[in-house]
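Some notes on the structure that comes next.
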Number of protein chains: 2
Amino acid sequence: MSLYSAPPSTRERIVLVAARLIQRQGYVGTGIKQIAGEAQATLGSVYHFFPGGKEAVAVAALRHAGKEFSWLLEDTLRGEDDPSAAVEACAVELARGLRESGWVDGCPVTAAALETLGTDSAIQQVCAEALRGWEKIVAEKLRACGFTDQDAREVATTVIGALEGAEVTAQVSRSEEPLRAAGRQLARLIGTYTQA
Amino acid sequence: MSLYSAPPSTRERIVLVAARLIQRQGYVGTGIKQIAGEAQATLGSVYHFFPGGKEAVAVAALRHAGKEFSWLLEDTLRGEDDPSAAVEACAVELARGLRESGWVDGCPVTAAALETLGTDSAIQQVCAEALRGWEKIVAEKLRACGFTDQDAREVATTVIGALEGAEVTAQVSRSEEPLRAAGRQLARLIGTYTQA
DNA sequence: AAGTTACTAGAACGAGCGCTCTATTCAGCG
DNA sequence: CGCTGAATAGAGCGCTCGTTCTAGTAACTT
C-alpha cells in the first residue's frame with residue numbers, strides 16, 4: 001500500500017493471492033493448498049497466520065478486496081465534477097479492467113457472496129459490509145452534487161447494483177458493451193435529477 | 001410444464017433439483033450425490049440419463065432455469081402496457097420471490113456463470129445464451145412500446161444488468177429495497193424515452 | 001414365454017479437500 | 001553461547017468428490 005513498497009510479507013502475499021483466486025474461482029472453488037502454492041508459502045505458514053483456516057483467509061482477502069475497490073471508486077468519482085460523468089467514468093474504468101484481465105477479474109465479492117448465501121458465515125457479513133461501503137461512497141458524491149439524502153441513497157443503491165450486474169453480464173458475454181451501456185444509461189438517469 | 005402435470009419423471013426430477021441446488025450453492029458447491037439424493041434418484045440413474053456427468057446435468061439444469069425465468073419475464077411484462085410500469089413490476093416480482101425463499105433463490109445462472117468464467121466450458125455458453133434471451137425479451141417489449149431498435153437494445157441490456165445486480169445486492173443485504181430502488185429508477189429512466 | 005432394452009441400485013476407486021501434527025530453521029537477546 | 005518463540009516445511013488424517021463398474025429389476029416386443 002505504500003508508494004515505496006517493500007517486498008510483501010508472507011502474510012500479505014497470502015491475502016493478495018487469496019483475494020485474486022476467490023475473485024476468479026469463488027470461495028468453494030479455491031483451495032487452501034492452491035493459495036499457499038501461488039503465494040509461495042507453505043500450508044504451515046497459512047495456518048500460522050490464519051488459525052481460523054480457510055474461512056479466516058477468505059475474510060481477510062475479501063476485506064482487502066473490498067477496500068481496494070473502494071479506493072478505485074473514490075478516485076474515479078473524484079476525477080469528474082458532474083455526477084453523471086463521474087458514474088459513467090466508473091463504468092468505463094470497470095470495463096477497462098475487465099478487458100485487460102481477459103474478462104476474468106470481476107467484482108471481488110459477488111462470487112463469494114453468492115456461494116455462502118444460505119450459511120450465515122462471516123464471509124456473508126464481509127461482503128455485505130463491502131457493498132454498503134461502496135453505496136456510501138456513491139451516495140456521498142451525489143449528496144455533494146446537490147442530491148437530497150433520500151435521492152442520493154436510492155440512486156446510489158441503483159448505481160452499485162447496476163454496475164455489479166453489468167459487470168457480470170460483461171464477463172459472461174466477454175464484451176465491454178454491457179458496462180458501457182449501463183454507464184450511459186446511469187448517466188442519463190442521474191441527469192434527470194440535476195437538470196430538473 | 002403441462003397444466004395436468006403428471007408426476008415428474010426421474011429425469012425431470014434430476015433437472016429440477018439440480019437447477020435449484022445450483023441456484024443456491026453454485027456449480028462447484030453442488031455435488032452429484034446430493035442431486036441424486038434430493039431427487040430421490042440413484043447415482044446410476046443420474047449417469048444413465050446424463051452420460052456427460054456433472055457438467056451435462058448442470059447444462060440441462062441451467063437451460064431449464066433460463067427458460068423458466070424467461071416465462072416469468074414474459075408474463076410479467078405482458079401484464080402492463082406502459083414499459084416503465086412493466087419493468088418495475090418485474091423488479092417487484094423478483095423481490096417477492098426472493099423474500100419468500102428466504103433470500104436464497106436468486107438468479108439461477110449468475111452463480112454458475114461466475115464460477116466457470118476462466119474455463120470455456122459448456123456451462124458458460126448456456127449462461128450467456130440465457131442472458132441474451134432475457135435481454136431479447138425486454139428489448140422486444142420496449143420496441144413494441146415505440147422504442148427505436150438501438151434504444152431498445154441498450155436499455156434492455158441495462159435493465160437485465162441492473163435487475164441482476166440488484167438481486168445480488170438484495171440477497172446479500174436480505175432486503176427487498178435494492179430491487180425496489182432499481183425498479184423505481186429503471187422506470188424513471190424508461191420514462192425519459194417515452195415522454196421525450 | 002423369451003429376449004431385449006430401459007432403468008435402478010449402490011459398492012468401490014483414485015484424487016483432492018481442509019486440517020492437524022511434528023520437525024526444522026532462524027533471528028533476537030540475556 | 002544457549003534459550004525462546006516466530007515462522008517454515010510437508011507428511012498424513014479422515015472425508016468427500018466425480019466417476020466407473022457390475023448386478024438386478026421392470027417393461028415392452030415378437
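Just so it is clear, the structure is predicted and the values come from calculations on it, not from any experiment.
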Handout entry: Rounded distance in Å - CG (A:Leu21) to P (C:dG18)
Key = 12 Å
Practice task
When you get a sec, tell me which of C:dG18, D:dA9, C:dC7 is the closest nucleotide to the side chain of A:Ile32?
Solution key: C:dG18
Handout entry: Side chain of B:Tyr47 - closest among D:dT8, C:dA9, D:dG18
Key = D:dG18
Exercise for the section: Report yes or no: does A:Arg188 contribute a side-chain atom to a donor-acceptor pair with the main-chain N or O of B:Thr192 at less than 3.5 Å? Expected result: yes
Problem - Spacing between A:Gln34 atom CD and C:dA15 atom P, to the nearest angstrom - result: 19 Å
Problem - Interatomic distance, A:Arg13 CZ vs D:dA7 P [rounded to whole Å] - result: 13 Å
Exercise for the section: Indicate, with a heavy-atom threshold strictly under 4.0 Å, whether B:Gly44 touches base, sugar-phosphate, or nothing. Expected result: base
Exercise for the section: Report the nucleotide, chosen from C:dA12, D:dA9, D:dA11, that has the shortest atom-to-atom distance to any side-chain atom of A:Leu43. Expected result: D:dA11
Exercise for the section: To the nearest 0.5 Å, tell me how far A:Glu164 CD sits from B:Thr110 OG1. Expected result: 10.5 Å
Practice task
Would you kindly give the CD-to-C1' distance between A:Glu12 and D:dA7, to the nearest whole Å?
Solution key: 15 Å
Practice task
Would you kindly give the CD1-to-C1' distance between B:Ile123 and D:dG18, to the nearest whole Å?
Solution key: 13 Å
Exercise for the section: Would you kindly check if the NZ (Lys) or CZ (Arg) of B:Lys54 is within the cone defined by 45 degrees around the ring axis of B:Tyr27 and under 6.0 Å from the six-membered ring centre? Expected result: yes
Practice task
Taking only the side-chain nitrogens and oxygens of B:Ser45, find out if one of them lies under 4.0 Å from OP1 or OP2 of C:dT8.
Solution key: yes
Problem - Check against salt bridge (Lys or Arg N to Asp or Glu O under 4.0 Å), B:Arg132 and B:Glu135 - result: CA-CA 5 Å; B:Arg132 269 201 308 272; B:Glu135 280 187 28; over 6 Å; no
Practice task
Look at the side chain of A:Lys33 and the base of C:dG16, then say whether one donor and one acceptor between them are separated by less than 3.5 Å.
Solution key: no
Problem - B:Lys54 NZ - D:dT16 P separation (whole Å) - result: 16 Å
Completion exercise
Side-chain atoms of A:Thr10 come closest, of D:dG18, C:dT8, D:dT8, to D:dT8
Completion exercise
Rounded to whole Å, the NE2-P distance (A:His48 to D:dA7) equals 4 Å
Completion exercise
Of A:Asp149, A:Asp151, A:Thr157, the one forming a side-chain hydrogen bond (donor to acceptor under 3.5 Å, both in side chains) with A:Arg153 is A:Asp149
Exercise for the section: Round to the nearest Å and state the distance from A:Gln40 atom CD to D:dG10 atom P. Expected result: 12 Å
